[in-house]
Number of protein chains: 2
Amino acid sequence: MSSPTPALDPVELAAYFSLIEATSLLRHTVELQLKEAGDLSYVQFQLLARLGDAPGGSHNMTELADGVVYSRSGLTYQAGLLEKAGLVTRAPSADDERGTTVTITDAGRSRLAAVFPGHIEVLHRMLFDALSRDDILTLEGLLTPVVQHMRAMPPRSASRRRTKGSTAGGLAGGGHRD
Amino acid sequence: MSSPTPALDPVELAAYFSLIEATSLLRHTVELQLKEAGDLSYVQFQLLARLGDAPGGSHNMTELADGVVYSRSGLTYQAGLLEKAGLVTRAPSADDERGTTVTITDAGRSRLAAVFPGHIEVLHRMLFDALSRDDILTLEGLLTPVVQHMRAMPPRSASRRRTKGSTAGGLAGGGHRD
DNA sequence: TATTGTTATACTCTATAACTATA
DNA sequence: TATAGTTATAGAGTATAACAATA
């Protein structure tokens with residue numbers, strides 16, 4: 001429908017590679033720091049940080065998952081770990097009995113506090129020290145719309161699963177159950 | 001010793017979040033595409049692509065690992081998978097008998113060819129369609145120095161392990177072996 | 001019937017430590 | 001002794017499918 005996508009020109013290629021490598025290096029370093037300073041994986045840190053920012057320190061599972069985790073069971077698993085560590089609590093939601101409300105505990109906030117300084121230090125050392133003030137502003141100005149664009153994209157997968165109605169007309173003609 | 005790293009200002013925070021989320025979404029989508037089009041994980045794709053670009057289609061293990069994988073055994077594992085799938089061959093290096101030369105096969109190149117169009121399409125759809133020509137140039141201009149900066153950083157871990165000599169003066173007073 | 005969340009399970013990936021072999 | 005790579009193994013994480021319960 002749109003572009004023929006023949007290849008990437010050198011600038012696109014370099015931008016793509018840099019983006020991937022920078023994030024990979026940054027994330028790896030951050031993961032080591034989080035693990036060492038607070039025994040948290042990156043995903044766990046993201047979940048905790050999200051709860052820390054939320055009003056009341058709470059989210060339901062679906063809100064919490066958004067953007068961090070790509071499957072429900074994955075979140076249940078992580079939330080279970082955080083709960084077992086005493087960093088969050090889980091309780092049935094007040095308004096929707098199906099829902100689970102996850103709330104950060106004092107211990108969770110302490111853990112965040114224990115981890116933040118080192119986290120920020122890594123970000124400065126690895127990322128921001130290499131950029132001028134204007135560069136950072138420019139980068140933010142470029143990437144924020146990119147994220148919005150990506151969020152608006154159809155998921156391409158990851159959600160068309162419980163689509164009951166596809167009994168006929170699917171790709172697989174034969175006999176997969178479910 | 002150096003910066004007090006009090007906190008991130010809003011722009012830094014936004015830049016950081018955008019960077020992480022954009023890359024996460026992009027990578028997730030790319031991984032689905034690579035899996036579907038060529039049954040490759042992202043790491044496997046990177047290794048294969050790197051070999052495809054190399055003169056003679058070869059690298060030794062250490063060169064191949066650089067920047068893609070963070071442990072030796074991880075690369076051995078992945079290389080083993082690629083070899084089992086017939087996409088690369090492994091042979092003792094000519095010049096250094098300790099080394100292993102990994103070479104992409106014709107099947108490996110075919111696999112790359114099978115995967116590239118969709119890969120590029122995803123990149124355009126998710127990333128480049130949201131940016132102007134100048135934006136892409138700017139992004140590349142910002143991130144390339146960032147990567148160089150990151151590469152130049154001391155690894156902070158991940159290599160200070162076989163440092164025999166630290167019998168005295170280390171952090172752990174006691175008796176960890178090795 | 002659709003949605004929220006959990007569980008069971010299988011699989012992929014990563015990393016540490018111990019080991020072999022060559023430089 | 002240091003370096004290149006492999007192996008064994010253990011652990012963390014992810015995803016699919018099946019399930020229970022509420023809307």
Side-chain angles (χ1 to χ4, degrees), chain A residues 24 27-28 31-32 34-36 39-47 59-66 68-85 90-102 155 157-165 167 176-178, chain B residues 24 27-28 31-32 34-36 39-47 59-66 68-85 88 90-102 155 157-165 176-178:
Chain A
S24 174
R27 179 145 176 173
H28 186 247
E31 277 173 352
L32 292 176
L34 292 174
K35 189 79 176 182
E36 189 177 311
D39 195 36
L40 293 174
S41 73
Y42 195 66
V43 167
Q44 289 157 13
F45 170 71
Q46 288 182 97
L47 296 175
H59 273 306
N60 64 32
M61 295 290 281
T62 300
E63 291 164 354
L64 193 53
D66 177 50
V68 175
V69 156
Y70 297 99
S71 75
R72 302 228 193 151
S73 60
L75 178 57
T76 296
Y77 172 74
Q78 292 296 343
L81 291 182
L82 290 174
E83 185 179 42
K84 204 182 313 179
R90 279 189 291 185
S93 292
D95 48 316
D96 186 337
E97 285 285 329
R98 295 171 303 183
T100 295
T101 297
V102 186
S157 183
S159 59
R160 38 126 182 181
R161 182 162 305 109
R162 188 101 339 167
T163 326
K164 293 287 178 53
T167 325
H176 57 53
R177 66 194 175 299
D178 183 37
Chain B
S24 174
R27 180 145 174 173
H28 186 248
E31 277 174 353
L32 292 176
L34 291 174
K35 189 78 176 183
E36 187 176 311
D39 195 37
L40 292 174
S41 73
Y42 195 67
V43 168
Q44 288 158 13
F45 170 71
Q46 287 182 96
L47 296 174
H59 273 306
N60 64 34
M61 294 290 280
T62 300
E63 291 163 354
L64 192 54
D66 177 50
V68 175
V69 156
Y70 297 99
S71 75
R72 303 231 193 145
S73 60
L75 178 57
T76 297
Y77 172 74
Q78 293 296 343
L81 291 182
L82 290 174
E83 185 179 43
K84 204 182 312 178
V88 306
R90 279 190 291 184
S93 292
D95 48 318
D96 187 336
E97 285 286 328
R98 296 172 303 181
T100 296
T101 297
V102 185
S157 182
S159 61
R160 38 123 182 183
R161 182 160 305 110
R162 187 102 339 165
T163 325
K164 293 288 178 51
H176 56 52
R177 66 193 175 298
D178 185 35

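Sequence lines set the chain letters: A, B, ... in the order given, protein chains first and strands last, and positions in each chain run from 1.
- Looking at heavy-atom distances under 4.0 Å, B:Ser93 makes no contact with the nucleic acid at all.
- Checking C:dT14, D:dA12, D:dA4 against every side-chain atom of B:Arg98, the shortest atom distance belongs to D:dA4.
- Mapping A:Val68 and B:Met61 onto DNA chain D by nearest heavy atom places B:Met61 closer to the 5' end of the strand.
- B:Thr76 comes within contact range of at least one nucleobase, with a heavy-atom separation under 4.0 Å.
- Nucleotide C:dC13 holds its P atom 11 Å from the CZ atom of B:Arg27, rounded to whole Å.
- Looking only at side-chain heavy atoms (C-beta outward), A:Met61 and A:Thr76 come within less than 4.5 Å of each other.
- Closest approach to the B:Arg90 side chain among C:dA15, D:dT6, D:dA15 is made by D:dT6 (side chain taken as heavy atoms from C-beta onward).
- Residue A:Tyr77 has its side chain nearest to D:dG13 when only D:dG13, D:dT6, D:dA15 are considered.
- The side chain of B:Gln44 lies closest to C:dC13 when the candidates are C:dT16, C:dC13, D:dG5.
- Each of B:Asn60 and A:Arg72 was assigned the nucleotide of DNA chain D with the nearest heavy atom; the assignment lying further toward the 5' end belongs to B:Asn60.
- A:Leu81 comes within contact range of the sugar-phosphate backbone alone, with a heavy-atom separation under 4.0 Å but no base atom that close.
- Between B:Thr62 and the phosphate of D:dG5, there is a side-chain N or O to OP1/OP2 separation shorter than 4.0 Å.
- The CG atom of A:Leu34 sits 16 Å away from the P atom of D:dA12 (whole-angstrom rounding).
- Counting heavy atoms from C-beta outward, B:Ser24 and B:Arg27 have side chains that stay 4.5 Å or more apart.
- Rounded to an integer number of Å, the gap from CD of A:Glu63 to P of C:dT3 is 16 Å.
- Side-chain proximity of A:Gln78 to the nucleotides D:dT22, D:dA17, D:dT14 is greatest for D:dT14.
- In this structure, A:Lys35 and A:Leu40 have side chains that are not in contact, with every pair of non-hydrogen atoms separated by 4.5 Å or more.
- Summarising the geometry, the separation between NZ on B:Lys84 and C1' on C:dT12 is reported as 12 Å, rounded to the nearest angstrom.
- The residue B:Thr100 sits close only to the backbone: its heavy atoms come under 4.0 Å of sugar-phosphate atoms, none of a base.
- Rounded to a whole Å, the CG atom of A:Leu40 is 15 Å from the C1' atom of D:dG13.
- For the pair B:His59 NE2 and D:dA4 C1', the interatomic distance rounds to 16 Å; values are reported in whole Å.
- Side chains of B:Asn60 and B:Val102 form no contact here, defined as non-hydrogen atoms less than 4.5 Å apart.
- Look at NE2 on A:His28: it is 13 Å from C1' on C:dC13, rounded to the nearest Å.
- Rounded to an integer number of Å, the gap from CD of A:Gln46 to P of D:dG13 is 12 Å.
- At a threshold of 4.5 Å between non-hydrogen side-chain atoms, the residues B:Thr101 and B:Arg90 do not count as touching.
- Distances from the side chain of B:Ser41 to the nucleotides C:dC13, C:dA23, C:dA17 place C:dC13 closest.
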